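The basis for the numbers below is simple: all heavy atoms, side chains too, and nothing from hydrogens, waters or symmetry mates. Here the structure is a predicted model, which is why all the values come from computation and not from measurement.
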Amino acid sequence: MKAKRLMIQGTSSDAGKSLIVAGLCRVFADRGQKVFPFKSQNMALNSYITASGDEMSRAQVVQAEASRRLPDPRMNPILLKPVGEAQSHVVIKGQFVASTTAAEYYDYKIKLKPVIHDIFQEISQENEVILIEGAGSPAEINLNDHDIVNMGMARIADAPVLLVADIDRGGVFAQIYGTIALMNEEDRARIKGVIINKFRGDISLLQSGIEMIENLTHVPIVGVVPYIDLAIDSEDSIALESVSTQMDPQKAIDVAILMLDKMSNFSDFQSLTVYEDVSVRYVKHIQQLKNPDVLIIPGTEDIHSNYQKILAYKETINLLLAQGTRVIAFNTGVCFLSETVQLSHDRVIPGLGLVSGQATLLETVEITQVDPDDNQQALGGSITQRVQLDHDGDGEPFIQADDYQEGLNYHNHLIMGTQLNGLFQNLSWSRHYFNQIRRTKGLEEMEQPKLSYMEFKNREYDKLANHLLEHLDMKVIEEMMECSEEG
């Protein structure tokens, strides 16, 4: 017997597909079912490295966690990572395979349909429920011929489709009607229901519109989901449009993150949420920098287009260091700490010069797993090395485990650089680091958070699942899935 399956598509990007899938994953997992989230192709800067060294989208990691499953690269067989100048890295089944332009990939992806088909058949035999996420909109009529992520994927999976529309953007009924009207008859028949998402206001005022759109499309509205505030990792840079640029005055420690173009793995900083004395803000202009306790230089998939922006902060950063501000660079951001950065054999750009020596951008990504010690004092985890640091001076490695060294640590954490993923999820190390800052400010030390970041996230997944159970007609949704199993 093959798994029950349901596909969630959206009228646009950021309609809420990922969170709807994550919430449903938790709903079915809590019923004791073996759930598998799936997105055939994802374009995202926010990626995750599994314990086996495979790279996949953060959104499917969130959905895996909501399903109470370990991340599996088959959940996201194709990952596209934009790297600048209309180029994307293509990651297939967790491994980098090529760098292509959009036009090159458009011709190439038709060859990937058998790969998607085989993976889907495999996971259908292993699981009880598969929840499939689409990408963008299924009404991109210029791309439908080669589609493998929206209705093309629904055909591969023979799956019924729920369409998610974002009422917060405005024009929700036009979104629904236009999307359905642009589909061919076969694809239109797959849409079994619509979810109106991110609703704010009095639902009674919406009721007449719901009746009219159901009459026009002959597709039922299976739920109106009110907007909900959730602290769940985002994969989409759209999320950065609404981040705070101001320090929370109720918190003792000010962490400022430089806002870079094509910022990578920004969701790593979401784990700072669990530290109740830490305020996190993003700096878009030099005037916003002010006097943070910690300045973070994040990674970017496009070093070349960001280095002038970084250099504009050089004088200010040196003044801040003299005043005691700490600087941490992550992932490819570590290259900016050096005097120079070797981008290619014939391309060298200046860095901030905070440490002596040169950084070299590697042609291939090296992934290393380092085990922490039992009490978590020694750092470990997944290290995604894209930059080789050749530095001089009195600095120490950031990580030193057996015969492995990584990163740099100058002047007792004043300047640090690391390509370790998820640093702030280490409660022991992070609390020690923030307590160092508290001591310099004359404040008492604090104990580490009672909740781990994973426990914190599980609380958010439960909140999301309960929210969907309250506002979706689960009986109708389950009937759709029963039909998919029979098919």
Side-chain angles (χ1 to χ4, degrees), residues 1-13 15-18 20-21 24-25 28 35-42 63 77 109-110 112-114 116-117 119-121 123-124 127-166 172-197 210 213-223 225 468 472-487:
M1 182 183 293
K2 60 183 179 180
K4 298 176 186 177
R5 54 212 177 277
L6 178 68
M7 186 165 194
I8 309 297
Q9 298 183 11
T11 56
S12 65
S13 295
K17 300 182 294 292
S18 295
I20 295 291
V21 171
L24 291 174
C25 283
F28 290 112
V35 184
F36 197 92
F38 183 85
K39 186 169 184 176
S40 57
Q41 173 190 293
N42 208 341
Q63 293 161 1
K109 71 178 180 179
I110 194 66
L112 297 175
K113 187 171 286 190
I116 300 297
H117 177 274
I119 290 174
F120 193 83
Q121 293 304 309
I123 63 176
S124 293
N127 299 280
E128 295 172 282
V129 174
I130 301 176
L131 293 168
I132 310 163
E133 182 186 344
S137 164
E140 303 289 354
I141 55 178
N142 56 314
L143 302 176
N144 283 349
D145 287 350
H146 287 19
D147 177 57
I148 56 173
V149 69
N150 285 309
M151 282 302 178
M153 183 63 230
R155 290 191 289 272
I156 291 171
D158 192 20
V161 174
L162 276 180
L163 185 66
V164 179
D166 178 3
V172 69
F173 297 120
Q175 293 176 41
I176 296 167
Y177 184 80
T179 300
I180 295 173
L182 283 171
M183 292 182 181
N184 62 45
E185 188 174 342
E186 178 192 353
D187 291 341
R188 195 179 300 129
R190 289 194 179 276
I191 299 184
K192 304 301 183 183
V194 174
I195 296 172
I196 295 177
N197 198 25
I210 289 174
I213 198 66
E214 286 181 331
N215 289 332
L216 283 167
T217 62
H218 307 292
V219 178
I221 303 296
V222 299
V225 180
L468 295 187
L472 294 181
D473 190 334
M474 288 302 301
K475 182 178 179 182
V476 171
I477 291 172
E478 288 160 28
E479 287 173 354
M480 294 177 196
M481 297 173 70
E482 292 293 343
C483 292
S484 78
E485 183 184 32
E486 292 168 8

**Q** Suppose we screen for side-chain hydrogen bond (donor to acceptor under 3.5 Å, both in side chains). Which residues come up paired with N184, at least two apart in sequence or across chains?
**A** D187
**Q** Could you tell me which residues satisfy ring-ring contact (aromatic ring centres under 6.0 Å, His included) with F120, sequence neighbours excluded, listed by chain and number?
**A** F38
**Q** So V161 and M151, side chain to side chain contact (heavy atoms under 4.5 Å, CB included) or not? Walk me through it.
**A** CA-CA 9 Å; V161 174; M151 282 302 178; 4.1 Å; yes
**Q** Inspect the surroundings of OH in Y177 and state if more than 12 heavy atoms from other residues, nucleotides or ligands are less than 6.0 Å away.
**A** no
**Q** Among residues at least two apart in sequence or on other chains, which ones pass side-chain hydrogen bond (donor to acceptor under 3.5 Å, both in side chains) with T11?
**A**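 Only Q175 meet the side-chain hydrogen bond (donor to acceptor under 3.5 Å, both in side chains) criterion with T11.
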**Q** Side chain to side chain contact (heavy atoms under 4.5 Å, CB included) for M474 and F28? Distances and angles first, verdict last.
**A** CA-CA 11 Å; M474 288 302 301; F28 290 112; 3.9 Å; yes
**Q** Just to verify, what does I210 make a side-chain contact (heavy atoms from CB on, under 4.5 Å) with, not counting sequence neighbours?
**A**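 side-chain contact (heavy atoms from CB on, under 4.5 Å) check on I210 returns I196, L206, Q207, E214, I221, V224.
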**Q** What pairs meet the side chain to side chain donor-acceptor pair (under 3.5 Å) rule with one or both residues in residues 141-152, with sequence neighbours excluded?
**A** none
**Q** For K39 versus E133, what's the shortest heavy-atom pair and its separation?
**A** NZ-OE2, 3.2 Å
**Q** Once rounded to the nearest 0.5 Å, what's the spacing between atom CG of L472 and atom CD1 of I195?
**A** 4.5 Å
**Q** With salt bridge (charged side-chain N to carboxylate O under 4.0 Å, His left out) as the test, would you mind laying out the steps for E482 and K4 before giving the verdict?
**A** CA-CA 7 Å; E482 292 293 343; K4 298 176 186 177; 2.8 Å; yes
**Q** Please answer whether the main-chain N or O of I130 pairs with a side-chain N or O of N127 as donor and acceptor at a distance below 3.5 Å.
**A**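 Judged by distance alone, no pair lies under 3.5 Å.
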**Q** Could you state the interatomic distance from CD1 (I156) to CD (Q121), rounded to the nearest 0.5 Å?
**A** 9.5 Å
**Q** Can any side-chain N or O of S40 pair as donor or acceptor with the backbone N or O of I148 at less than 3.5 Å?
**A** yes
**Q** Who are the salt bridge (charged side-chain N to carboxylate O under 4.0 Å, His left out) partners of R188, not counting sequence neighbours?
**A** none
**Q** Does atom CD1 of I141 have more than 12 heavy-atom neighbours, drawn from other residues, nucleotides or ligands, at distances under 6.0 Å?
**A** no
**Q** Using a strict cut-off of less than 4.0 Å between a Lys/Arg side-chain nitrogen and an Asp/Glu carboxylate oxygen, indicate whether D158 and R190 qualify as a salt bridge.
**A** yes
